[in-house]
Each structure stands twice: as C-alpha cells, then as structure tokens.
Amino acid sequence: MEISPCLIGFTLLFSSIYMSIMKKDSKIFSNFMKLLNQSQKKMYSKIIYERMSIYVMGMILGLVLGIYYYFKYKTDKYRLCKFLCIIYIVKLGFYYLYPKSPLILYSLTNQKQVSAWADIYSEMKKRWILSLLFGFFGYLVLSRAF
C-alpha cells in the first residue's frame with residue numbers, strides 16, 4: 001500500500017472525529033481530582049487550560065496554512081487530502097514543539113496520586129491508538145468504496 005496524502009489526511013480526520021465522539025470515562029478524572037489538594041487542583045486546571053490553548057492555536061495555524069494551500073494550488077488533484085494533512089500535521093507538530101509548563105506529575109506528592117495519574121495517561125494513550133486505528137480502517141473502507 002502506498003502512503004499517500006489521502007491516507008494520512010483522512011486517517012487523521014477520522015481519528016479526530018472518533019476521539020471527539022468516543023465515550024469519555026470521566027471516573028478516572030474525577031478519582032484523580034479527589035486525590036489533589038487545592039493548590040494541585042489549581043495547577044492542574046492551569047495546565048489543562050494552557051494545553052487546550054496550545055491545541056487551539058495549532059489548529060488555527062493548521063487551518064490558515066491548509067486554506068492557503070487549498071486556494072493556491074487549485075489544480076492539484078490531491079488538494080483536499082493535502083489540505084487535511086497540512087491541518088493535522090501542523091496542529092500535532094505545533095502542540096508537540098510548543099513549550100509547555102511542567103507536567104502535573106512533578107507536583108504530585110504521594111503514590112495514590114501518581115497511580116491515578118498513570119491511569120489517566122494509560123487511558124489517553126489507549127484512546128489515541130484506538131482513534132488512529134479507527135481512522136486508518138475508516139480510510140481503507142472509504143478508499144475501497146470509491
């Protein structure tokens with residue numbers, strides 16, 4: 001199978017859709033929050049806000065660059081696929097490379113907190129892998145249908 005812009009773009013698109021509709025297990029997050037003191041809760045909320053802001057900035061930058069590409073290269077037959085690739089790769093790259101405050105892990109003070117954080121980390125990693133698999137197989141089904 002050739003790795004094409006369509007494979008990458010639609011896999012990331014379907015993965016993103018799947019992540020947004022996936023059933024959220026809020027129990028692990030509420031369990032974690034119950035273990036934090038007020039100072040840690042404040043810090044955790046700050047980290048969440050910071051990372052959401054970075055994610056949104058990356059998405060906006062990706063959209064701007066994707067739209068620019070889409071309208072500049074009107075004759076490219078893979079224009080939509082490359083548009084999607086630009087959006088998602090820029091968003092992910094921006095999020096990964098942008099400087100962030102330290103992880104909440106460094107502010108945890110006991111083993112119960114660390115274990116609860118490890119549960120969240122493992123759950124989010126599992127969700128990301130499942131979403132990529134969903135996106136990839138979604139692309140395969142779509143590509144075979146057309």
Side-chain angles (χ1 to χ4, degrees), residues 1-73 76 78-143:
M1 174 193 313
E2 179 185 335
I3 297 179
S4 72
C6 292
L7 169 66
I8 296 167
F10 280 98
T11 294
L12 292 172
L13 173 66
F14 295 150
S15 173
S16 181
I17 292 168
Y18 182 77
M19 280 291 280
S20 66
I21 62 174
M22 184 186 295
K23 180 185 176 294
K24 310 283 189 277
D25 179 9
S26 60
K27 184 178 176 185
I28 60 172
F29 295 98
S30 60
N31 287 344
F32 177 66
M33 289 297 283
K34 288 177 189 173
L35 296 171
L36 301 179
N37 63 38
Q38 278 309 112
S39 173
Q40 290 170 320
K41 286 178 183 178
K42 186 176 177 181
M43 184 178 296
Y44 186 55
S45 294
K46 181 182 167 206
I47 290 169
I48 290 170
Y49 179 78
E50 174 194 58
R51 290 176 185 239
M52 183 58 73
S53 297
I54 295 167
Y55 178 87
V56 169
M57 287 188 296
M59 181 58 100
I60 291 169
L61 179 61
L63 274 169
V64 168
L65 294 174
I67 289 168
Y68 172 78
Y69 179 87
Y70 190 81
F71 287 110
K72 179 149 175 82
Y73 297 96
D76 184 351
Y78 295 110
R79 185 167 68 142
L80 177 62
C81 298
K82 290 178 182 176
F83 167 77
L84 292 172
C85 283
I86 291 168
I87 291 171
Y88 288 103
I89 290 172
V90 167
K91 176 188 75 168
L92 292 169
F94 186 86
Y95 184 84
Y96 180 76
L97 296 173
Y98 196 89
K100 299 171 198 68
S101 58
L103 298 170
I104 191 66
L105 178 63
Y106 298 113
S107 300
L108 303 180
T109 56
N110 63 56
Q111 189 57 44
K112 283 185 178 181
Q113 291 175 341
V114 172
S115 294
W117 177 248
D119 292 342
I120 290 173
Y121 180 83
S122 297
E123 175 66 21
M124 296 309 288
K125 184 177 174 182
K126 182 179 83 175
R127 288 182 190 183
W128 174 244
I129 291 168
L130 284 173
S131 74
L132 286 174
L133 289 171
F134 177 84
F136 177 72
F137 289 114
Y139 167 78
L140 290 179
V141 168
L142 184 68
S143 69

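Note that the structure is a prediction, hence the values are computed from the model and not measured.
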Enumerate the residue pairs fulfilling salt bridge (Lys or Arg N to Asp or Glu O under 4.0 Å) with a member in residues 93-122, sequence neighbours excluded, ordered by first and then second residue.
none

Counterpart residues, ring-ring contact (aromatic ring centres under 6.0 Å, His included), relative to [X] (two or more places apart):
X	answer
Y70	F83
Y121	none
Y73	Y69

Non-neighbouring partners of [X] that pass side-chain contact (heavy atoms from CB on, under 4.5 Å), sequence neighbours left out:
X	value
K34	N31
Q38	K41
F71	I67, K74

Out of curiosity, [X] [atom1] to [Y] [atom2], how far, rounded to the nearest 0.5 Å?
X	Y	atom1	atom2	value
K72	R79	NZ	CZ	13.5 Å
L61	I87	CG	CD1	11.0 Å
L108	N110	CG	CG	8.0 Å
S30	L35	OG	CG	10.0 Å
E123	F29	CD	CZ	7.0 Å
L132	M19	CG	CE	8.5 Å

Under the side chain to side chain donor-acceptor pair (under 3.5 Å) rule, collect the residues that match up with T109, sequence neighbours excluded.
Q113

Under a 4.0 Å threshold between the charged nitrogen and the carboxylate oxygen, would E50 count as salt-bridged to K46?
no

Tell me, please, which residues at least two apart from K125 pass salt bridge (Lys or Arg N to Asp or Glu O under 4.0 Å).
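Once residues adjacent in sequence are excluded, K125 has no partner under the salt bridge (Lys or Arg N to Asp or Glu O under 4.0 Å) criterion.
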
Which residues satisfy the salt bridge (Lys or Arg N to Asp or Glu O under 4.0 Å) test with D76, sequence neighbours excluded?
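Testing D76 for salt bridge (Lys or Arg N to Asp or Glu O under 4.0 Å), a comparison that skips the adjacent residues, returns K82.
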
What are the two closest non-hydrogen atoms of I104 and I47, and how far apart are they?
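Heavy atoms of I104 and I47 come nearest at N-CD1, 3.7 Å.
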
What's the shortest heavy-atom distance between N37 and S39, and which atoms?
OD1-N, 3.0 Å

Return a table of donor-acceptor pairs under 3.5 angstrom between the side chains of residues 8-16 and protein atoms on other chains or two or more places apart.
| from | atom 1 | to | atom 2 | distance (Å) |
| --- | --- | --- | --- | --- |
| T11 | OG1 | L7 | O | 2.6 |
| S15 | OG | S131 | O | 3.4 |
| S15 | OG | S131 | OG | 2.8 |

Let me check something: any side-chain donor-acceptor pairs from residues 51-60 under 3.5 Å, sequence neighbours excluded? List them with distances.
| from | atom 1 | to | atom 2 | distance (Å) |
| --- | --- | --- | --- | --- |
| R51 | NH2 | S101 | O | 3.2 |
| S53 | OG | Y49 | O | 2.9 |
| Y55 | OH | K91 | NZ | 3.1 |

Do S107 and W117 have side chains that approach each other closer than 4.5 Å (heavy atoms only, starting at C-beta)?
no

Heavy-atom side-chain proximity of V141 to F137 below 4.5 angstrom:
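Not in contact.
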
